[in-house]
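The structure appears below as structure tokens.
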Amino acid sequence: MSDFFYFHPTNISIQIMIKNILLILSLSFVVLASCNSSATHDDVSKQVDTFLTAYNAEFQKLLIASNEGQWLLNTHIVEGDTITSKKAAEADEAFAKYTGSKDVIEKVKKFLESKDQLSDIQVRQLNAILFTAGNTPETAGDVVKQRIAAQNKQTEMMYGFKFMMNGKEVTPNNIQDILSNSTNMKERNAAWTASKEVGKVLKDGLTNLRDLRNKSVQALDYQDFFQYQASEYGYSTDDLIGVTRGMMKDVWPLYRELHTWARYELAKKYKQPVPDYIPADWLPNRWGQDWTSLVNVEGLDIDPYLKEKGAEWIVKKGEEYYMSLGFGALPQTFYDKSSLYPVAPDAGYKKNTHASAWHIDNNKDVRSLMSIEPNSEWWGTVLHELGHIYYYQTYSTPEVPMILRTGANRAYHEAMGSMMGLASFQKPFLAGLGMVDANAKTNDTLMMLKEALDYIVHIPWGSGVMTEFEYNLYSKNLPENQFNAEWWDLVKRYQGIVPPSTRGEEYCDAATKTHINDDAAQYYDYSMSNVLLFQWHVYIAKNILHQEPNATNYWGNKEVGAFIKKLMAPGASVDWKAHMKNCVGADMSAQPMIEYFAPLMAYLKKVNAGRTCTLPEQPDFAK
């Protein structure tokens with residue numbers, strides 16, 4: 001499961017441009033204010049158009065500067081370098097100064113008083129501008145500048161950290177390889193423990209960021225940063241927690257069976273007694289969010305094929321996949337400017353190793369940051385990230401204003417990438433590309449199990465652990481001396497996982513997850529995206545391909561491409577709930593996901609017959 005980030009820009013040298021644009025905005029406001037009470041619809045609409053044209057142009061200029069600064073900060077990390085972070089901070093501050101300007105906020109609020117005289121697209125832009133301002137309001141004073149500096153410092157510490165095992169530096173990919181493949185319990189424990197050391201150096205920074213994030217949005221009357229992020233969906237905090245807990249309730253019976261299966265299978269694999277809760281270092285992922293490597297589906301092992309083809313082939317084949325659906329070729333600048341492969345050990349710098357897709361200018365400059373290696377995990381990740389890239393390109397049209405060039409909601413973006421990744425592992429798709437033998441005997445139930453160990457396993461982690469930790473962090477001001485205790489209580493309660501040894505408050509295991517630091521209080525996007533992607537995928541399978549949902553082949557089907565473009569094209573210029581209903585004829589629901597995995601549920605009940613289930617029949621939600 002991979003992710004993308006939005007960055008918030010700035011540059012002190014751009015202050016002159018800011019003054020000029022604010023002068024234009026002020027003049028537009030004066031003209032509006034001078035209108036008498038009989039001002040017509042056209043009068044107000046024209047003034048708003050003038051404002052929006054000026055705002056969108058300046059927004060893009062400052063966005064580019066900010067994203068370029070953050071791109072360099074994430075792709076070229078040199079120990080002791082302070083210049084890069086200083087320049088990035090300046091660009092971020094300029095973006096924040098403009099988008100959070102008191103003048104902009106006041107003008108937008110004034111325009112919205114006449115929203116009944118405005119078009120829907122005008123109102124959506126004004127609301128988006130106000131939401132963006134809420135993240136960095138000028139009225140918060142120095143808090144915004146402090147927050148930007150703190151965020152950049154946290155990024156440098158996180159991605160510049162040296163992971164050590166047995167006195168030698170290792171990479172996150174090395175750690176992942178051990179956790180995915182090793183049966184040496186001592187080695188596994190050492191790798192897992194090494195992966196958590198970074199949390200120690202990030203703990204103080206997380207506390208500081210929590211306080212600064214809360215203060216910055218409170219200046220525009222949001223209760224806290226968690227509530228601010230939830231509001232983008234049109235949810236209150238209570239609404240959001242209700243939605244995420246509802247998703248956990250929906251998948252809990254299947255997750256409970258998966259958890260039971262995994263306890264017994266792992267105990268057999270490691271020749272250990274069956275535990276009540278799964279030790280964290282037994283699992284193939286540092287956070288227990290993805291268990292897919294516990295299953296090897298014979299006949300569908302594509303790692304040897306990919307190793308022979310190489311990392312570069314994966315990217316080009318991914319592009320060819322999207323083109324077969326009717327999308328265009330990637331721009332050459334994508335290849336020229338992206339950072340796609342691991343940094344050589346002797347390069348003299350490091351980079352952020354977390355896969356992400358970037359929309360530098362909200363137009364044609366699209367890039368990806370990855371560390372691709374020729375294996376099945378990266379095959380899925382590449383197709384996922386390219387889903388974001390093609391989403392960017394599809395809504396970057398004159399019909400979608402600059403400020404609305406984003407997903408219909410944040411989960412739409414993740415769902416799009418994840419759906420393409422899901423489809424790319426199904427046997428008919430792989431056989432059509434010659435990556436597996438079409439006549440090879442495969443176990444469809446095991447393939448479905450492998451999928452569930454990703455998409456179902458992720459929901460208690462994403463909707464439960466991550467969401468509720470950040471809810472407690474921001475909305476309840478969780479004390480710093482309770483970070484680790486709260487984290488592991490949630491992990492045990494929702495994932496049924498325990499640490500291999502005592503984890504005191506000198507650690508901050510939550511902060512080892514990148515999103516806690518630099519993509520805060522919105523991890524539930526991924527859980528929602530899992531629900532959305534199965535709705536879309538099942539719709540495609542039944543209504544377009546007329547194939548079984550667990551055995552599809554999207555390749556070359558232009559009708560599938562047209563449906564995907566329909567989902568993508570409006571960006572945030574439409575209401576996401578109405579758009580969902582318009583595309584698939586239903587509201588967001590986990591039911592298609594539950595139906596998809598129904599045969600697996602029956603299989604697991606048979607396999608687990610006579611075994612002890614240690615998770616409760618319903619999630620034990622924290623109070």
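Given the structure is predicted, the values throughout are model-derived calculations rather than measurements. Just the heavy atoms: all of them, side chains too, but no hydrogens, waters or symmetry mates, feed the values below.
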Apply salt bridge (Lys or Arg N to Asp or Glu O under 4.0 Å) to [X] and list each qualifying residue two or more places apart in sequence or on a separate chain.
{"X": "K102", "result": "none"}
{"X": "D361", "result": "none"}
{"X": "K215", "result": "none"}
{"X": "E468", "result": "R245"}

Can [X] and [Y] be counted as having a side-chain donor-acceptor contact under 3.5 angstrom?
{"X": "D518", "Y": "T155", "result": "no"}
{"X": "Y159", "Y": "T514", "result": "yes"}
{"X": "Q522", "Y": "H515", "result": "no"}
{"X": "S45", "Y": "D42", "result": "no"}
{"X": "Q332", "Y": "D336", "result": "yes"}

Side chains of [X] and [Y], heavy atoms from C-beta outward: is any pair under 4.5 Å?
{"X": "F334", "Y": "S368", "value": "yes"}
{"X": "M528", "Y": "L240", "value": "yes"}
{"X": "T75", "Y": "Y349", "value": "no"}
{"X": "M580", "Y": "L532", "value": "yes"}
{"X": "I64", "Y": "E68", "value": "yes"}
{"X": "F226", "Y": "L473", "value": "no"}

Is a side-chain N or O of [X] found less than 3.5 angstrom from the main chain of [Y], in a donor-acceptor match?
{"X": "E470", "Y": "A520", "answer": "no"}
{"X": "Q535", "Y": "S589", "answer": "yes"}
{"X": "N214", "Y": "F225", "answer": "yes"}
{"X": "R405", "Y": "V400", "answer": "yes"}
{"X": "Y455", "Y": "S527", "answer": "no"}
{"X": "S101", "Y": "D103", "answer": "yes"}
{"X": "N352", "Y": "N74", "answer": "no"}

Please tabulate, one pair per line, all N/O donor-acceptor pairs under 3.5 Å involving side-chain atoms of residues 568-576, not counting sequence neighbours.
| from | atom 1 | to | atom 2 | distance (Å) |
| --- | --- | --- | --- | --- |
| S573 | OG | P570 | O | 2.6 |
| D575 | OD2 | K577 | N | 3.2 |
| D575 | OD2 | A578 | N | 2.8 |
| W576 | NE1 | Y233 | O | 3.3 |

Applying side-chain hydrogen bond (donor to acceptor under 3.5 Å, both in side chains), can you list everything that pairs with [X], at least two apart in sequence or on another chain?
{"X": "Y524", "value": "R410"}
{"X": "D239", "value": "S236"}
{"X": "S339", "value": "K351"}
{"X": "D365", "value": "R367"}

Aromatic ring pairing Y321/W555, orientation class (parallel under 30°, perpendicular over 60°, tilted between): parallel
Ring geometry between W461 and H458 (parallel below 30°, tilted from 30 to 60°, perpendicular above 60°): perpendicular
Spatial distance of atom [atom1] ([X]) from atom [atom2] ([Y]) [nearest 0.5 Å]:
{"X": "E319", "Y": "K317", "atom1": "CD", "atom2": "NZ", "answer": "11.5 Å"}
{"X": "M370", "Y": "T381", "atom1": "CE", "atom2": "OG1", "answer": "8.0 Å"}
{"X": "W536", "Y": "M419", "atom1": "CH2", "atom2": "CE", "answer": "6.5 Å"}
{"X": "F111", "Y": "L130", "atom1": "CZ", "atom2": "CG", "answer": "13.0 Å"}

Working for side chain to side chain donor-acceptor pair (under 3.5 Å), residues N517 and Q154: CA-CA 7 Å; N517 300 285; Q154 195 84 340; 2.8 Å; yes
Stepwise side chain to side chain contact (heavy atoms under 4.5 Å, CB included) check, I564 with M420: CA-CA 10 Å; I564 293 171; M420 303 304 277; 3.8 Å; yes
What about [X] and [Y], are their ring centers closer than 6.0 Å?
{"X": "F59", "Y": "Y98", "answer": "no"}
{"X": "Y412", "Y": "Y391", "answer": "no"}
{"X": "Y228", "Y": "Y222", "answer": "yes"}
{"X": "Y471", "Y": "Y474", "answer": "no"}

Option passing side chain to side chain donor-acceptor pair (under 3.5 Å) with N135 (candidates Q229, R213, R147): R147
From CA spacing to verdict: ring pair (Phe, Tyr, Trp, His ring centres under 6.0 Å), H537, Y554: CA-CA 10 Å; H537 175 71; Y554 289 12; 5.7 Å; yes
Chi angles and distances behind the side chain to side chain contact (heavy atoms under 4.5 Å, CB included) call for S371, Y341: CA-CA 4 Å; S371 295; Y341 309 106; over 6 Å; no
Scan for salt bridge (Lys or Arg N to Asp or Glu O under 4.0 Å) pairs involving [range], sequence neighbours excluded, and state none if there are none.
{"range": "residues 114-137", "result": "D120-R124"}
{"range": "residues 390-402", "result": "none"}
{"range": "residues 555-573", "result": "none"}

Test log, rule salt bridge (Lys or Arg N to Asp or Glu O under 4.0 Å), inputs E90 and K87: CA-CA 5 Å; E90 289 175 351; K87 288 182 177 179; over 6 Å; no
Lys/Arg N to Asp/Glu carboxylate O, E106 vs K109, below 4.0 Å: no
Full working for side chain to side chain donor-acceptor pair (under 3.5 Å) between N56 and Q125: CA-CA 9 Å; N56 278 310; Q125 289 179 81; 3.0 Å; yes
